[in-house]
Every structure is written in C-alpha cells, then in structure tokens.
Amino acid sequence: MVGAPLIGVLAIQGDFEAHGKVLRRLGAEVREVRTVADLEGLDGLVIPGGESTAITLGIEREGLVEPLRRAIGDGLPVLGSCAGLIMLDREHLGVMDILADRNAFGRQIRSFEADLRVSGVEGPPVRAVFIRAPWIAEHGEAVEVLAEVDGHAVAARQGDMIAVAFHNELTGDDRVHGLLLEAVGRRIEGYAPVSDFSDNTR
Ligand code: GLN
C-alpha cells in the first residue's frame, strides 16, 4: 500500500493556500514550503501565482534559490502558475527553457477568463483565470506548448515541469493539478492518483 504523495506548495507569497486546498481534495498530503528544510522528501512542488518580484526576494532571503534549482533539476515534478511560471523561466530559477513576458496582456486587459484547450487534459476546455498574467515569449525545443491565447503560449511542459500563465486553483477545475499528480505518480512505484481529476465546475 502506497501512501499519499507529499506535495510542497511554495508559501513565500501569493495564492498558496488555495493550491493546498485543491491538492488535499485530490488526496495529496500538502506541506507549505518556506525554508530549505521544507524541501526534504517532497514528491512534487507547486509554485503559486502572486507577485514574482516578491517571491524572488523571498526565496533569496530564505536561501531557497539554489536548493529549488537543484531539487527541480534533479527531477522533482513542478507546477508553476502565473507568477510561478515566471519563477521557472530562464531569467528567474532558470529551470525551464522558457522566457516569460510579464503582464504581457497589457494594461487594458489585465484580467480575464477563458475556456482553453490544454493539450493532455481530456474533456471540455479548461476554465482559466488570467490575472495580470504573463505569456511565454520564447521557448526552446525541449518545451511543448500546451495552450495558446491569440497565438501566444500560455501553458507549457518540459518533462515533469509544467507552467501555466493562468490561475488554475480558482475555478474548481482540478485537471491541471491532475497533470502534476500524474507526473508525480509515474515516479512513485505503485501509486496511482485517486481521483479522475474531474472538472468540478459543471
Ligand atoms: N503580474 C504578476 C508578476 O509579474 C503575476 C500575476 C499573477 O501571478 N497573478 O509577478
């Protein structure tokens, strides 16, 4: 019998509590990550949306930059949402071969919702909430674009690193978290995600 996976949620700044709720609902154990010691023994990690400058300053203050790079570089599955996508890019943690353009949707359309086809997510489109969101301006060959808005990449995957420009924790549609838990499950012998990650919004 294999226990629930332990998923860390970076809890420096931003929407970490909501991610924790979703992950618990999906049967994961959740640990808020604030220190280097909190990274020990994780099966997966979420970097939430919020404000990437604040998160950057926080991880620098806590000495988390190199430990996060190492953990993710060593294969810890990770999901970055909005500011979390920015944190994964070339100019921040530098673990994904993507370049985020911050606040890319401009001043007029700072926030909006959209129904998005996300590659790898079965069923109806994913309800996505964009809040002063970035898009992915450039990416390398190892990166697969999973979704676009107006021709701009807003979701991508590179191995077990998944980045979405939207907030996937706010709608009750758990299927993007499901992608992370599937990646986690492939690394734990005998573990299969308990939920079918159904879309709870409808
Ligand atoms: N605009 C924010 C930033 O640049 C990201 C917004 C979000 O995470 N909702 O960090």
Work out which heavy atom in [X] is nearest to a heavy atom in [Y]; give both atom names and the distance.
| X | Y | result |
| --- | --- | --- |
| V30 | G20 | CG2-O, 3.7 Å |
| I12 | G58 | CG2-CA, 3.6 Å |
| Q13 | A54 | CG-CB, 3.9 Å |
| A4 | G27 | CB-O, 3.1 Å |
| V184 | G44 | CG2-CA, 4.0 Å |

[Y] side chain reached by [X] side chain, heavy atoms, under 4.5 Å:
| X | Y | value |
| --- | --- | --- |
| V164 | V154 | no |
| L170 | I131 | yes |
| F105 | V149 | yes |
| E32 | D38 | no |
| E29 | I7 | no |
| L180 | V46 | yes |
| V126 | N168 | no |
| D150 | W135 | no |

[atom1] of [X] to [atom2] of [Y]: how many Å apart, nearest 0.5 Å?
| X | Y | atom1 | atom2 | result |
| --- | --- | --- | --- | --- |
| L39 | R31 | CG | CZ | 8.5 Å |
| I47 | D15 | CD1 | CG | 14.5 Å |
| I86 | S52 | CD1 | OG | 4.0 Å |

When hydrophobic residues are tied together by side-chain contacts of less than 4.5 Å, even through go-betweens, does [X] share a cluster with [Y]?
| X | Y | result |
| --- | --- | --- |
| I98 | L10 | yes |
| L6 | V9 | no |
| M161 | I188 | no |
| L23 | L45 | no |
| I59 | V95 | yes |

Identified side chain to side chain donor-acceptor pair (under 3.5 Å) counterpart of H177 within the set E169, H19, E182: H19
- prompt: What do you reckon, is CD of E113 surrounded by more than 12 foreign heavy atoms closer than 6.0 Å?
  reply: yes
task: Let me know which of D89, I136, L88, L85 forms a side chain to side chain contact (heavy atoms under 4.5 Å, CB included) with M96.
output: L88
task: Mind running side chain to side chain contact (heavy atoms under 4.5 Å, CB included) on R34 and F16 for me, showing each step along the way?
output: CA-CA 11 Å; R34 295 191 173 81; F16 51 87; 3.7 Å; yes
Donor-acceptor pairs are to be reported for all side-chain atoms of residues 61-84 against protein atoms at under 3.5 Å, with residues two or more places apart or in another chain.
{"residue": "E66", "atom": "OE2", "partner": "R69", "partner atom": "NH1", "Å": "2.7"}
{"residue": "R69", "atom": "NE", "partner": "L93", "partner atom": "O", "Å": "2.7"}
{"residue": "R69", "atom": "NH2", "partner": "H92", "partner atom": "O", "Å": "3.1"}
{"residue": "S81", "atom": "OG", "partner": "F166", "partner atom": "O", "Å": "2.8"}

Is any side-chain N of the basic residue among [X] and [Y] closer than 4.0 Å to the acidic one's carboxylate O?
| X | Y | result |
| --- | --- | --- |
| R25 | D174 | yes |
| R102 | E51 | yes |
| R187 | D43 | no |

- request: Would you sort out whether H139 and E144 count as a side chain to side chain contact (heavy atoms under 4.5 Å, CB included), showing the intermediate values?
  value: CA-CA 9 Å; H139 64 85; E144 182 195 356; over 6 Å; no
field: side chain to side chain contact (heavy atoms under 4.5 Å, CB included) between E141 and D97, worked out
entry: CA-CA 8 Å; E141 274 177 16; D97 193 9; over 6 Å; no
task: Begin from the C-alpha positions of R157 and V143 and carry the test side chain to side chain contact (heavy atoms under 4.5 Å, CB included) through to its verdict.
output: CA-CA 6 Å; R157 150 168 228 152; V143 174; over 6 Å; no
